[in-house]
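Beneath this line is the structure, given in structure tokens, with notes to follow.
Below, chain A is the first sequence line, B the second, and so on; all start at residue 1. Predicted, not measured: the structure shown is a model, and the values here were computed from it.
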Amino acid sequence: MNRQNLVVLIGGVFFGFGLAYSGMTKQEIVLSFLQLEDLGLIFVMGGAALVTFFAINVIPKFLKNPILGGKFKPRKAPMSRNVIIGAAIFGVGWGISGQCPGSAVASLGTGNLPILVGIVAMFIGAYMRGLLDKK
Amino acid sequence: MFPLGIEHYLIGGVLAGVGASLIYILTGLHATQSSFFTTTLSWLSKRKHFQKERNLQERDWRLFLAIGLILGALIYSLAFSPTGFWTTSVQIWRLALGGLLVGFGTRVSEGCTSGHGISGLASLSTTSLSAVLVFMGVAIVTANLVQIIGVLP
């Protein structure tokens, strides 16, 4: 395993631990958020985005390049119809099931075996996206 | 509005952010999730969509990220969770249908709760902000409709 992959693995452990700690790996908690019964989940995305905001916008002022190589590049994608249509389709799926990609994968680690069905379905959905891509 | 309090939500979110930040500061990579499906499919499908240079470059570290997520949640469940392992009671058809739409939609949108919601917002991307508002709004409407028509759990 090279150093990059080791860092990603360790960072992923923090990420997955945080998702499990917050309860976002529980589909019922996510659904109670979306049904506006418990709005606490907004602090998960908010807290994570705030910390990451510092990493992306402040750290590069003191550090020219990432420590192990590569380049600092904020995640800015051009606006397109696909961004919005895809987000709407994702929203329907999220609202039906309470699963999003990261929380579903992490949820496996909590012993939640039924989520395998959701993850396999996500792979099939991603494959269908590839079938539509004529390029 | 906050029947379970907000502390564990905030701490969990900050820990997730620490993980994403650690990865960004050391490697410059954005720890986003939904691309994992596309890059992993590059091992299984010869289609051009999956065989793009970028997918082949990213597929190793994205697999490590997914393994990390599972390990982190496993460590929490084994050593820190007051209730141990946990299984959802949401019906299988909801996981299957929802998962299908999540996989398809996030790949059309090229981002999900982590890509648009964490890395995109943290990068002050207006594209990601629009995506977040759309998927959040649609999900809230959908989840309430599902509840109203009486699908439980």
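- Here the closest non-hydrogen pair linking A:Ser22 and B:Gly12 is CB-CA, 3.9 Å.
- Per-residue counts of heavy-atom pairs under 4.5 Å with chain A were compared for B:Phe2, B:Phe36, B:Trp93, B:Phe80; the largest is that of B:Phe2.
- The shortest non-hydrogen separation linking A:Gly95 to B:Val146 is O-CG2, 4.5 Å.
- Of the atoms belonging to A:Asn57, it is side-chain heavy atoms, and not backbone ones, that fall under 4.5 Å from chain B.
- In terms of heavy atoms, A:Gly109 sits closest to B:Phe85 at O-CE2, 3.7 Å.
- Here A:Phe17 contributes atom CZ and B:Ile11 contributes atom CD1; the two are 10.0 Å apart, rounded to the nearest 0.5 Å.
- Under the 4.5 Å side-chain criterion, counting only non-hydrogen atoms from C-beta, B:Arg94 is in contact with A:Leu31.
- At a threshold of 4.5 Å between non-hydrogen side-chain atoms, the residues A:Asp133 and B:Arg47 do not count as touching.
- Atom CG of A:Leu108 sits about 11.5 Å away from atom CG of B:Leu71, to the nearest 0.5 Å.
- Outside the 6.0 Å centre-distance limit, the rings of A:Phe33 and B:Tyr9 are not counted as a close aromatic pair.
- Under a cut-off of 6.0 angstrom, the local environment of CD in B:Glu7 is sparse, with at most 12 non-hydrogen atoms contributed by other residues, nucleotides or ligands.
- Chosen from A:Ala77, A:Gly70, A:Ser107, the residue pairing most often with chain B at heavy-atom distances under 4.5 Å is A:Ala77.
- The distance from the CZ atom of A:Phe53 to the CG atom of B:Leu124 is 5.0 Å, given to the nearest 0.5 Å.
- For the options A:Gly47, A:Ala106, A:Gly130, heavy-atom pairs under 4.5 Å to chain B are most numerous at A:Gly130.
- Pairing each heavy atom of A:Gly91 with each of B:Val138, the nearest pair is C-CG1, 3.8 Å.
- By the rule that hydrophobic residues join a cluster once side-chain heavy atoms approach within less than 4.5 Å of another member, A:Val30 and B:Ile148 end up as members of separate clusters.
- To the nearest 0.5 angstrom, B:Leu4 atom CG is 10.5 Å from A:Leu41 atom CG.
- A:Asn82 places no side-chain N or O within donor-acceptor distance of the main-chain N or O of B:Arg107, the cut-off being under 3.5 Å.
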Run the side-chain contact (heavy atoms from CB on, under 4.5 Å) test on A:Phe14 and B:Ile23 for me, step by step, so that the C-alpha distance in whole Å, both residues' side-chain angles and the decisive distance to 0.1 Å come before the verdict.
CA-CA 10 Å; A:Phe14 274 93; B:Ile23 292 171; over 6 Å; no

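- Proximity to chain A involves both the backbone and the side chain of B:Tyr24, based on heavy atoms less than 4.5 angstrom apart.
- Remark: A:Ile84 CD1 to B:Thr127 OG1 distance equals 8.0 Å, nearest 0.5 Å.
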Stepwise, does the side-chain contact (heavy atoms from CB on, under 4.5 Å) test hold for B:Gln33 with A:Met122?
CA-CA 12 Å; B:Gln33 315 297 339; A:Met122 287 178 204; over 6 Å; no

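- In this pair, B:Phe50 and A:Tyr127 present their aromatic rings parallel. The plane angle is below 30°, not in the 30 to 60° band.
- In terms of non-hydrogen atom pairs under 4.5 Å with chain B, the most contact-rich of A:Ile85, A:Ile67, A:Ile56, A:Ile89 is A:Ile56.
- Between chain A and the options B:Val90, B:Ile140, B:Ile92, heavy-atom pairs under 4.5 Å are most frequent for B:Ile140.
- Within the model, atoms CG of A:Asn65 and CD1 of B:Ile25 stand 13.5 Å from one another, a figure rounded to the nearest 0.5 Å.
- At a threshold of 4.5 Å between non-hydrogen side-chain atoms, the residues A:Leu19 and B:Tyr76 do not count as touching.
- Side chain of B:Ser123 to main chain of A:Pro74: no donor-acceptor pair is present (N/O by atom type, distance under 3.5 Å, no hydrogens or angles).
- Judged by distance alone, with hydrogens and angles left aside, the side-chain atoms of B:Thr27 form no donor-acceptor pair with the main-chain N or O of A:Gln4 at under 3.5 Å.
- B:Ser21 is not listed as a side-chain neighbour of A:Phe54, based on a closest heavy-atom distance of 4.5 Å or more.
- By number of non-hydrogen pairs under 4.5 angstrom with chain B, the leading residue of A:Ala88, A:Ala49, A:Ala126, A:Gly111 is A:Ala126.
- With a threshold of 4.5 angstrom between heavy atoms, A:Ile29 approaches chain B through side-chain atoms but not through N, CA, C or O.
- Considering only heavy-atom pairs separated by less than 4.5 Å from chain A, the leading option among B:Leu22, B:Leu145, B:Leu100 is B:Leu100.
- Of all the listed residues (B:Ile118, B:Leu15, B:Ile67, B:Val102), the one sharing the greatest number of non-hydrogen pairs under 4.5 Å with chain A is B:Val102.
- Residue with the most contacts toward chain B among A:Pro60, A:Gly98, A:Pro78: A:Pro78 (heavy-atom pairs, distance under 4.5 Å).
- A 4.5 Å side-chain heavy-atom check between B:Ser130 and A:Val83 finds every atom pair outside the cut-off.
- Of all the listed residues (A:Asp38, A:Val51, A:Leu6, A:Leu9), the one sharing the greatest number of non-hydrogen pairs under 4.5 Å with chain B is A:Asp38.
- A heavy-atom distance below 4.5 Å is found between the side chains of A:Phe123 and B:Leu41.
- Interface residue A:Leu68: backbone and side-chain heavy atoms are both found under 4.5 Å from chain B.
- Heavy atoms of B:Thr106 lying under 4.5 Å from chain A belong to its backbone as well as its side chain.
- For chain A, no part of B:Val151 is nearby; none of its heavy atoms comes within less than 4.5 Å.
- Proximity to chain A involves both the backbone and the side chain of B:Ser34, based on heavy atoms less than 4.5 angstrom apart.
- Looking at A:Arg75 and B:Thr32, their side chains come closer than 4.5 Å, going by heavy atoms from C-beta outward.
- Contact annotation for A:Lys76: both backbone and side-chain heavy atoms come within less than 4.5 Å of a heavy atom of chain B.
- For chain A, the option among B:Leu121, B:Asp60, B:Thr38, B:Leu29 with the highest count of heavy-atom pairs below 4.5 Å is B:Leu29.
- The cluster map of Ile, Leu, Val, Met, Phe, Trp and Tyr, joined by side-chain heavy atoms under 4.5 Å apart, puts A:Val92 and B:Ile149 in the same cluster.
- Of the candidates A:Gln99, A:Lys26, A:Glu28, B:Thr88 forms a side-chain hydrogen bond (donor to acceptor under 3.5 Å, both in side chains) with just one, namely A:Glu28.
- Annotation: maximal heavy-atom pairing with chain A below 4.5 Å, among B:Val141, B:Leu101, B:Leu26, occurs at B:Leu26.
- In terms of heavy atoms, A:Ala121 sits closest to B:Ala96 at CB-O, 3.2 Å.
- Inter-residue side-chain proximity for A:Leu113 and B:Thr87 is flagged as unmet; no heavy-atom pair is nearer than 4.5 Å.
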